[in-house]
Participant: 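Dumping the structure here so I can ask a few things about it.
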Amino acid sequence: LRENGHATFESAQVRKDGSTFPVEVSAHLVEARGQKQVLSIVRDITERKRNEDALRASEEKFALAFRTSPYAIVITRLSDGFFIEVNDAFVNETGYTRDEVTGRSSREISLWANPKDRERMIHDLRQGESISSQEMLFTKKSGEHMTGLISAQVITLNGEKCIMSSINNITEHKRIQE
């Protein structure tokens, strides 16, 4: 037990049939009848472990989909527009590296060819709307313009409201149409 006379840890408990299940043990040093004794509370955490495993699997699937998507995916903070994460497709499409954008805002790197498009999108998202396949113009690191269909919605990450945006580069399609 720690100096404060308390310890909490996880362990495995054995059933009569020999199978095991996860438990959380909370042990306290107490004095009873003039003697120091250990009082332990053992709690079955099977359901918690099952939920943790399901959450971990879900996070791994999201991370894989995020990283491997053919569309540029960006996560920014709603409050200030600072980039939290971008995927490989964003890096390939825009020419910016992760390090060049992470911790900076889309305004700082002049990503939006028309900043009013961003303002309108932010306004709509703050009103509880989601954005679906809206055509907008973006500026790559090279200064070249890119036409993209953007979809976006507000998500919560670590208790903070963020925007997850997906951009489908349709520049070549637009050229062919013209």
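Computed over heavy atoms, backbone and side chain alike; hydrogens, waters and symmetry mates excluded.
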Participant: Does Arg107 use its side chain to pair, donor to acceptor, with the backbone of Phe82 at less than 3.5 Å?
Facilitator: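 Such a contact is absent between Arg107 side chain and Phe82 backbone.
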
Participant: Are Ile109 and Arg104 packed together at the side-chain level, in the sense that at least one heavy-atom pair is separated by less than 4.5 angstrom?
Facilitator: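 Result yes, sub-4.5 Å side-chain heavy-atom pair found.
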
Participant: Which atom names give the shortest non-hydrogen contact between Thr46 and Pro22, and what distance separates them?
Facilitator: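 Looks like OG1-CD, 3.5 Å.
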
Participant: Determine, stepwise, if the pair Ile150 / Met121 fulfils side-chain contact (heavy atoms from CB on, under 4.5 Å).
Facilitator: CA-CA 10 Å; Ile150 186 167; Met121 183 184 83; 3.8 Å; yes

Participant: Applying a strict under-4.5 Å side-chain criterion to I, L, V, M, F, W and Y, I'd like to know whether Phe66 and Tyr71 cluster together.
Facilitator: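 Hydrophobic grouping puts Phe66 apart from Tyr71.
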
Participant: Has Asn158 got more than 12 heavy atoms of other residues, nucleotides or ligands less than 6.0 Å from its CG?
Facilitator: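 No, the 6.0 Å shell around CG holds no more than 12 heavy atoms from other groups.
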
Participant: Is any side-chain heavy atom of Ile45 closer than 4.5 Å to one of Arg43?
Facilitator: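 Arg43 reaches Ile45 side chain to side chain.
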
Participant: Using atom types as modelled and distance alone, determine if a side-chain donor or acceptor of Thr102 lies under 3.5 Å from a backbone N or O of Arg98.
Facilitator: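 Here the side-chain-to-backbone pair exists.
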
Participant: Return yes if some donor-acceptor pair links the side-chain N/O of Ser19 with the main-chain N/O of Arg15 below 3.5 Å, else return no.
Facilitator: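 No; judged by distance alone, with no hydrogens or angles, the pair does not exist.
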
Participant: Quick one, Thr139 and Leu111 - any side-chain contact, counting heavy atoms below 4.5 Å?
Facilitator: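 No, their side chains stay 4.5 Å or more apart.
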
Participant: Under 4.5 Å between any side-chain heavy atoms of Ser11 and Phe9, yes or no?
Facilitator: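 A side-chain contact under 4.5 Å exists here.
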
Participant: Check step by step if side chain to side chain donor-acceptor pair (under 3.5 Å) holds for Asp99 and Thr97.
Facilitator: CA-CA 5 Å; Asp99 289 341; Thr97 67; 5.3 Å; no

Participant: Please test Val38 against His28 for side-chain contact (heavy atoms from CB on, under 4.5 Å), starting from the C-alpha separation and ending with a verdict.
Facilitator: CA-CA 6 Å; Val38 176; His28 304 270; over 6 Å; no

Participant: With a 4.5 Å cut-off on side-chain heavy atoms, are Gln153 and Glu129 touching?
Facilitator: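 They are not in contact (no side-chain heavy atoms under 4.5 Å apart), so the answer is no.
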
Participant: Using only atom types and a distance under 3.5 Å, with no angle test, would you say the side chain of Ser151 pairs donor to acceptor with the backbone of Ser133?
Facilitator: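 The answer is yes, because a donor-acceptor pair under 3.5 Å joins these two groups.
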
Participant: Is any side-chain heavy atom of Ile163 closer than 4.5 Å to one of Thr76?
Facilitator: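 Touching, per the 4.5 Å side-chain cut-off.
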
Participant: Taking C-beta and beyond as the side chain, do Asp44 and Phe21 meet within less than 4.5 Å on heavy atoms?
Facilitator: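 Yes. Closest side-chain heavy atoms under 4.5 Å.
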
Participant: Do Gln13 and Val42 come within less than 4.5 Å of each other through their side chains, counting heavy atoms only?
Facilitator: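 Of all side-chain heavy-atom pairs linking Val42 with Gln13, at least one is under 4.5 Å.
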
Participant: Looking at every heavy atom in both Asn87 and Ile73, which two are closest together, and how far apart are they?
Facilitator: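 So the two residues come closest at OD1-N, 2.9 Å.
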
Participant: State plainly whether the residues Arg56 and Glu59 are in salt-bridge range, i.e. N to O under 4.0 Å.
Facilitator: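 Salt bridge flag = no for Glu59 with Arg56.
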
Participant: Give a yes or no on whether a salt bridge exists between Glu10 and Arg48, defined as a side-chain N under 4.0 angstrom from a carboxylate O.
Facilitator: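 Salt bridge present between Glu10 and Arg48.
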
Participant: Does atom NE2 (His145) have a neighbourhood of more than 12 heavy atoms from anything else shown, all under 6.0 Å?
Facilitator: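 More than 12 heavy atoms, drawn from other residues, nucleotides or ligands, come within 6.0 Å of this atom.
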
Participant: Hey, is Lys36 close enough to Glu31 for a salt bridge, meaning N to O under 4.0 Å?
Facilitator: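 No, Lys36 and Glu31 are not salt-bridged.
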
Participant: State whether the side chain of Arg175 and the backbone N or O of Thr171 hold a donor-acceptor pair below 3.5 Å, judged by distance alone.
Facilitator: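 No, the answer is negative, given that no donor and acceptor are paired below the 3.5 Å cut-off.
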
Participant: Could you tell me whether Asp53 and Arg50 have a side-chain N and a carboxylate O separated by less than 4.0 Å?
Facilitator: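 A salt bridge is absent here (no side-chain N lies under 4.0 Å from a carboxylate O).
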
Participant: Would you call the rings of Phe83 and Phe90 parallel, tilted or perpendicular if under 30° counts as parallel and over 60° as perpendicular?
Facilitator: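 Taking Phe90 first and then Phe83, their aromatic rings sit tilted (interplane angle of 30° to 60°).
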
Participant: Got a donor-acceptor contact below 3.5 angstrom from the Thr156 side chain to the Gly159 backbone?
Facilitator: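 Between the backbone of Gly159 and the side chain of Thr156 there is no qualifying donor-acceptor contact (under 3.5 Å).
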
